[in-house]
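Only heavy atoms go into these numbers, but all of them, side chains included; no hydrogens, no water, no symmetry mates.
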Amino acid sequence: MSESSTDNTHDLYAVRLAKLREMRAEGMDPFRAAFTPSHTAAEAVNLFRDDTEEPVRVAVAGRLMVMRVMGKAVFAKLMDGSGLIQIYVRRDEIGEEEYKHFKKLDIGDILGAEGSLFRTKTGEVTVRAVRCVTVAKALRPLPEKWHGLTDSEQIYRQRYLDLIVNRDSRARFLTRGRIISAIRRFLDERGFSEVETPVLQPVAGGAAARPFVPRNNALGCEFYLRIALELYLKRLLVGGIDRVYEIGRNFRNEGLSRRHNPEFTMLEVYQAYSDFRGMMTLIHDMVQTVCRDVLGTTRIQRADGVDIELGGTWREARYKDLILEATGDADWFSRSKEEKLRAARELGIEVNPELEDFEVTQDVFEKKVEPGLIQPTFVTHLPKELCPLAKLTEGDPSTIDVFELCINGQEIAPAYSEQNDPLVQREMFEAQAGEEVQKIDHDFLLALEHGMPPAGGMGVGIDRLVMLLTGAESIRDVILFPQMKPNPG
RNA sequence: GCCUCUCUAGCUCAAUUGGCAGAGCAGUUGACUCUUAAUCAAUUGGUUCCGGGUUCGAGUCCCGGGGGGGGCACCA
């Protein structure tokens, strides 16, 4: 490229590139400058004391976010991971050459600045710089400083820009990390062991979802990306790891929505000699502990002003009772499928007539009951057709020993008394699979035949839990890089 | 896959009924040694997502395509 690009003053990239070349021509390498900060921005600000005469010298580094040039002095702000710090650069203190260079910096450049702390007459703790170095030149401009970045596509595709200019977004993702740490701490303290099981599986079991199908060239066969963690964690129960959990990515080849991303994070926990009742206590204590650790409160305030109280004991309700309440029909469960379809339509729900009888009821549950479960509610005694991996309720073979924890109108965590009878389990799988017998995980059944201790097991959708605790309305706001179509061009 | 909304300068947004594509920020040049979205003066910057069509004239209307948002469907 020729020098002519230099006077192309409307092309922001060209202007910055020219500045970079100019620096190199003057013997500076803006990407190799050595600089070690002594303090973060927040530390430096906290370090300053008004009552001491002795100036405190610091070295801070960060991205240049604000620059106000006033003739022979400049106020600028650097942002690092801890926040912003102002620096003050005077020509008579830093020298003619360096001052000239400083004035040519661009917003977005990453700098190091060294000097002593003072308080400006407007009250802001500031570094009076005696030295400034560019440690990384930015060739692209940042989004607008006042409005930030609002274009959702750019927020998702160029998350780094969102993180730089939208502080609440940054805070949300850091909170996500703290939530996951708090969960690990909680489980580790109770004797659970964290494990890692295969993501590439020969049979994608543990849930009903369409899997992604990658291929292993060396083995010459296709695998599936896992859709659940369940069947491998239960093998570990057989293997004697009595308290086990995994936090990992699941992949489901299905539609995307405000609540669904093709890859999402699940926590699954299994505890031998426990059952779904034990899991109730566990999730209840876990959510409350995590809330207190991370948020310092168990009360969540929704944007619309509705409060969700996660403290105290949680409501427990039977599936059947919730359905009867929602339909206002005491005889719902003895109606024919056709009658149910008609009644559903009257309730304003469009139900696919090809669904099985129990699926029609489940549709009513998902559309009429679940959205109304704002405060934490354990839904229990689900119909047995809904899950082939759970034990039947003693004395009522039509329901299973499970709960679904619903909060804020969303299912957050299902839990079961896990089925450990290999013969019953095989029958359930076969009935479920129908024609698709290749979907049965025979290795898992073999493991069960060696004896799995009775156990409680639970799955927690981490993304949804984070949504709940951060008030995010879309799963894309709690996943750093949500799935998008490949960028065209 | 279907329905619906949306796409204008690097970013945030205007543009009346179909009638000269504009502002703020950022950039460039200049002034200014305590600024707080600094200020002041001047100034550059456009494939209006892409391709067709209607029209004297299209950012605006019509058709097709693409990206994104929301909804539906799919989803034990």
Steps toward side-chain contact (heavy atoms from CB on, under 4.5 Å) verdict (A:Leu382, A:Phe365): CA-CA 11 Å; A:Leu382 273 65; A:Phe365 180 82; over 6 Å; no
**Study point:** Derivation of the side chain to side chain donor-acceptor pair (under 3.5 Å) call for A:Gln362 and A:Tyr319
**Key:** CA-CA 10 Å; A:Gln362 177 60 11; A:Tyr319 184 86; 2.6 Å; yes
Yes or no on side-chain contact (heavy atoms from CB on, under 4.5 Å) for A:Glu96 and A:Arg91, after CA distance, side-chain angles and deciding distance?
-> CA-CA 6 Å; A:Glu96 193 90 20; A:Arg91 193 175 70 171; 3.6 Å; yes
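Residues that satisfy the side chain to side chain donor-acceptor pair (under 3.5 Å) test with A:Thr126, not counting sequence neighbours, are A:Gln86. Checked against side chain to side chain donor-acceptor pair (under 3.5 Å), A:Asn408 has the following partners two or more places apart in sequence or in another chain: A:Arg302. By the side chain to side chain donor-acceptor pair (under 3.5 Å) test, A:Tyr232 is found to be paired with no residue, residues two or more places apart in sequence or in another chain being considered. Shown here are the side chain to side chain donor-acceptor pair (under 3.5 Å) partners of A:Asp463, two or more places apart in sequence or in another chain: A:Arg176.
Distance NZ (A:Lys485) to C1' (B:rG1): 11 Å, rounded to an integer number of Å. With rounding to whole Å, A:Phe75 atom CZ is found 17 Å from B:rC32 atom P. Regarding A:Arg140, its CZ atom lies at a distance of 15 Å from the C1' atom of B:rA9, rounded to whole Å. Distance A:Leu256 CG to B:rC72 P: 14 Å, rounded to the nearest Å. In this entry the distance linking CG of A:Asp11 with C1' of B:rA26 reads 13 Å, nearest Å. Rounding to whole angstrom units, CG of residue A:Asp151 and P of B:rU8 are separated by 8 Å. The separation between A:Arg157 atom CZ and B:rC7 atom P is 17 Å, rounded to whole Å. Straight-line distance from the OH atom of A:Tyr13 to the C1' atom of B:rA26: 18 Å, rounded to whole Å.
One P atom belongs to B:rG64, the other to B:rC2, and the distance between them is 12 Å to the nearest Å. Between B:rA15 and B:rC74, the two P atoms lie 41 Å apart (nearest whole Å). A gap of 22 Å separates the P atoms of B:rC13 and B:rU17, to the nearest Å. When the P atom is compared between B:rC61 and B:rC20, the two are found 16 Å apart, to the nearest whole Å. Nucleotides B:rG71 and B:rG10, compared at atom P, are 31 Å apart to the nearest Å. B:rU29 and B:rU48 have their C1' atoms separated by 29 Å, given to the nearest Å. The gap from the P atom of B:rU44 to that of B:rG65 amounts to 41 Å, rounded to the nearest Å. Nucleotides B:rC3 and B:rU54 have their P atoms positioned 26 Å apart, rounded to a whole Å.
For residues 68-91 of chain A, the ring pair (Phe, Tyr, Trp, His ring centres under 6.0 Å) pairs, not counting sequence neighbours, are A:Phe75-A:Tyr88, A:Tyr88-A:Phe118. Residue pairs meeting the salt bridge (Lys or Arg N to Asp or Glu O under 4.0 Å) criterion with at least one member in residues 379-394 of chain A: none, sequence neighbours excluded. Identified under the ring pair (Phe, Tyr, Trp, His ring centres under 6.0 Å) test for residues 137-158 of chain A, with sequence neighbours left out: none.
A salt bridge is defined here as a Lys NZ or Arg NE, NH1 or NH2 lying under 4.0 Å from an Asp or Glu carboxylate O, and A:Glu26 with A:Lys100 fails to meet this definition. Using a 4.0 Å cut-off between charged nitrogen and carboxylate oxygen, A:Arg119 and A:Asp50 count as a salt-bridge pair. Remark: A:Glu316 engages A:Arg277 in a salt bridge, criterion side-chain N to carboxylate O under 4.0 Å. A salt bridge does not link A:Asp396 to A:Lys320: none of the charged side-chain nitrogens sits closer than 4.0 Å to a carboxylate oxygen.
Here A:Asn352 reaches the OP1 or OP2 of B:rC74: one of its side-chain N or O atoms lies under 4.0 Å away. Between A:Lys367 and B:rC72, a side-chain N or O to OP1/OP2 separation shorter than 4.0 Å is absent. Between B:rC13 and A:Thr150, a contact under 4.0 Å exists linking OP1 or OP2 to a side-chain N or O. Phosphate contact (OP1/OP2 of B:rU33, side-chain N/O of A:Lys72, threshold under 4.0 Å): present. Dashed line: the shortest gap from a side-chain N or O of A:Arg258 to OP1 or OP2 of B:rG71 is under 4.0 Å. OP1 or OP2 of B:rC11 has at least one side-chain nitrogen or oxygen of A:Gln154 nearer than 4.0 Å. Listed pair A:Arg476 / B:rG69 meets the phosphate criterion, a side-chain N or O lying under 4.0 Å from OP1 or OP2.
Within residues 84-107 of chain A, the residues that have a heavy atom under 4.0 Å from RNA chain B are, in order of number, A:Gln86, A:Tyr88, A:Arg90, A:Asp92. Less than 4.0 Å separates RNA chain B from no heavy atom of any residue of residues 411-420 of chain A.
When A:Asn250, A:Val199, A:Val244 are each tested for a side chain to side chain contact (heavy atoms under 4.5 Å, CB included) with A:Leu229, only one passes: A:Asn250.
Under the 3.5 Å distance criterion, the side-chain polar atoms of A:Lys368 are left unmatched by any main-chain donor or acceptor of A:Ile323.
Checked against B:rG10, B:rU35, B:rG69, the side chain of A:Met70 finds its nearest nucleotide in B:rU35. The side chain of A:Val15 lies closest to B:rU28, out of B:rC75, B:rU28, B:rG68. When each of B:rG70, B:rC32, B:rC75 is scored by its nearest atom to the side-chain atoms of A:His260, the top-ranked nucleotide is B:rC75.
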Taking Watson-Crick and G-U wobble contacts under 3.5 angstrom, with | marking pairs to another strand and [ ] crossing pairs, the secondary structure of RNA chain B is written (((((((..((((.....[..)))).(((((.......))))).....(((((..]....))))))))))))....
Which pairs, protein N/O on one side and nucleotides 2-4 of chain B N/O on the other, fall under 3.5 Å?
none

Using atom names, set out every protein N or O paired with an N or O of nucleotides 22-25 of chain B below 3.5 Å, distance rounded to 0.1 Å.
residue : atom : partner  : partner atom : Å
B:rG24  : N2   : A:Glu144 : OE2          : 3.3

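Among the heavy atoms of the strands lying under 4.0 Å from A:Leu149 are primed sugar atoms or P, OP1, OP2 only; no base atom is included. Base contact: A:Phe118 has a heavy atom under 4.0 Å from a base atom. A:Glu385 comes within 4.0 angstrom of no nucleic acid atom, judged by non-hydrogen atoms across all strands.
Counting distance only, with no hydrogens placed and no angle test, the side-chain atoms of A:Thr120 and the base atoms of B:rU35 include a donor-acceptor pair under 3.5 Å.
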